[in-house]
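So the structure is just underneath, and the comments pick up after that.
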Amino acid sequence: FRSQTGLSIDEMQRWSAVAEQVGLSGDVVSSSIMGIQNALAQLRIGNGAALLPFGRLGISNITPDRDPFDILKEIGEKSKGRNRADVLLNMGSLGIRPEMMRIFDTGARFDQMANNLPRMSQSDSNAMQQLQVELARFNITVAKSFVPALAQITPYMADLTAAFTAFMFQ
């Protein structure tokens with residue numbers, strides 16, 4: 001996610017955790033964030049029309065470098081009490097998926113739901129890093145040991161396949 005958006009994976013995890021708790025996938029959140037980023041990119045190149053849906057949603061302090069997660073949170077807060085059809089229309093104009101309303105409807109419970117993420121302890125994190133090192137060593141060992149052996153039997157594979165095929169279709 002960070003490589004595609006440049007945004008915090010932690011914040012994406014928080015939003016995805018809430019999404020899953022209301023029956024959605026994290027893809028709903030990530031595609032909505034990408035939609036906001038596209039709208040912000042339009043602002044960067046001078047397309048002032050990109051501001052209109054934000055304004056219609058009650059968001060007035062939009063700058064091209066504003067964090068899309070902050071914008072998404074504010075849209076959720078400002079959507080309360082507004083005409084739902086209008087909110088959905090303007091969210092759609094920004095590339096925000098309509099399913100996000102289910103997350104917005106969590107309201108004040110959002111932070112509580114988002115904080116239910118399991119956190120990895122430092123010792124678990126260290127163990128995970130050690131496991132990655134061991135896995136890398138194992139992959140090197142496999143490559144050194146089995147790749148030469150596979151190269152030796154490859155010439156015989158065509159004959160083996162032909163013999164097997166002949167046997168099966170006699």
Side-chain angles (χ1 to χ4, degrees), residues 1-136 138-140 143:
F1 181 75
R2 184 183 273 300
S3 65
Q4 290 179 335
T5 65
L7 299 173
S8 165
I9 190 71
D10 292 336
E11 198 60 24
M12 182 62 201
Q13 287 175 333
R14 286 173 42 82
W15 280 85
S16 292
V18 175
E20 289 175 13
Q21 291 177 58
V22 297
L24 301 173
S25 74
D27 291 340
V28 171
V29 177
S30 62
S31 67
S32 296
I33 289 296
M34 295 296 281
I36 292 173
Q37 283 197 303
N38 289 336
L40 295 176
Q42 290 296 311
L43 290 176
R44 277 187 209 95
I45 62 170
N47 182 357
L51 282 173
L52 292 174
F54 289 114
R56 290 183 186 130
L57 289 166
I59 314 296
S60 59
N61 56 344
I62 293 297
T63 61
D65 58 342
R66 186 159 174 213
D67 185 329
F69 286 110
D70 289 340
I71 294 171
L72 201 57
K73 186 173 185 177
E74 188 173 351
I75 290 171
E77 292 166 355
K78 299 265 174 122
S79 67
K80 304 286 185 259
R82 291 182 177 261
N83 178 298
R84 199 165 184 96
D86 289 343
V87 170
L88 289 170
L89 177 69
N90 287 294
M91 283 173 46
S93 297
L94 295 170
I96 300 170
R97 304 250 312 254
E99 299 98 313
M100 289 298 296
M101 289 302 288
R102 288 171 56 187
I103 296 174
F104 297 158
D105 289 342
T106 65
R109 295 179 307 132
F110 176 89
D111 287 329
Q112 178 185 2
M113 294 170 78
N115 290 330
N116 285 335
L117 287 173
R119 298 286 179 201
M120 189 179 291
S121 69
Q122 186 61 45
S123 63
D124 288 343
S125 178
N126 292 341
M128 195 66 127
Q129 288 175 349
Q130 184 61 38
L131 181 61
Q132 288 173 335
V133 168
E134 293 300 322
L135 184 58
F138 176 75
N139 286 339
I140 291 168

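Owing to the predicted nature of the structure, the values given are computational and were not obtained by experimental measurement.
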Exercise: identify the closest heavy-atom pair between K78 and L57: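 Taking every non-hydrogen atom into account, CB-O, 3.4 Å.
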Provide the closest heavy-atom pair for A19 versus S25 in the form atom of the first, atom of the second, distance.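 In this case the closest contact between A19 and S25 is CB-O, 3.9 Å.
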Distance, nearest 0.5 Å, that separates CG of L72 from CD1 of I36: 4.5 Å
Within this structure, what is the CD1-CD1 distance for the pair I71 and I96, rounded to the nearest 0.5 Å?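 Here the rounded value is 8.5 Å.
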Residues forming a side chain to side chain donor-acceptor pair (under 3.5 Å) with [X], sequence neighbours excluded:
{"X": "K80", "result": "none"}
{"X": "S31", "result": "R97"}
{"X": "D105", "result": "R84"}

Donor-acceptor contacts, no H, no angles, side chain residues 45-56, under 3.5 Å, sequence neighbours left out:
| residue | atom | partner | partner atom | Å |
| --- | --- | --- | --- | --- |
| N47 | OD1 | A49 | N | 3.1 |
| N47 | ND2 | Q42 | OE1 | 2.9 |

Does D70 reach the side chain of E74, with side-chain heavy atoms less than 4.5 Å apart?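 A side-chain contact under 4.5 Å is absent here.
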Does a side-chain heavy-atom distance below 4.5 Å link S32 with V29? no
Sequence neighbours left out, what passes side-chain contact (heavy atoms from CB on, under 4.5 Å) with N38? Give chain and number order. none
Among residues at least two apart in sequence or on other chains, which ones pass side-chain contact (heavy atoms from CB on, under 4.5 Å) with P98? L88
Apply side-chain contact (heavy atoms from CB on, under 4.5 Å) to E99 and V22, showing your working. CA-CA 10 Å; E99 299 98 313; V22 297; over 6 Å; no
Salt-bridge contact K73-E11 (side-chain N to carboxylate O under 4.0 Å): no
So does V87 get a backbone contact from the side chain of R82, meaning a donor-acceptor N/O pair under 3.5 Å? no
Quick check: does any side chain N or O of S16 sit under 3.5 Å from a backbone N or O of Q13, one acting as donor and the other as acceptor?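 No, the answer is negative, given that no donor and acceptor are paired below the 3.5 Å cut-off.
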Going by the side-chain contact (heavy atoms from CB on, under 4.5 Å) test, name the single residue among L94, N90, I75 that passes it with I59.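 The passing option is I75.
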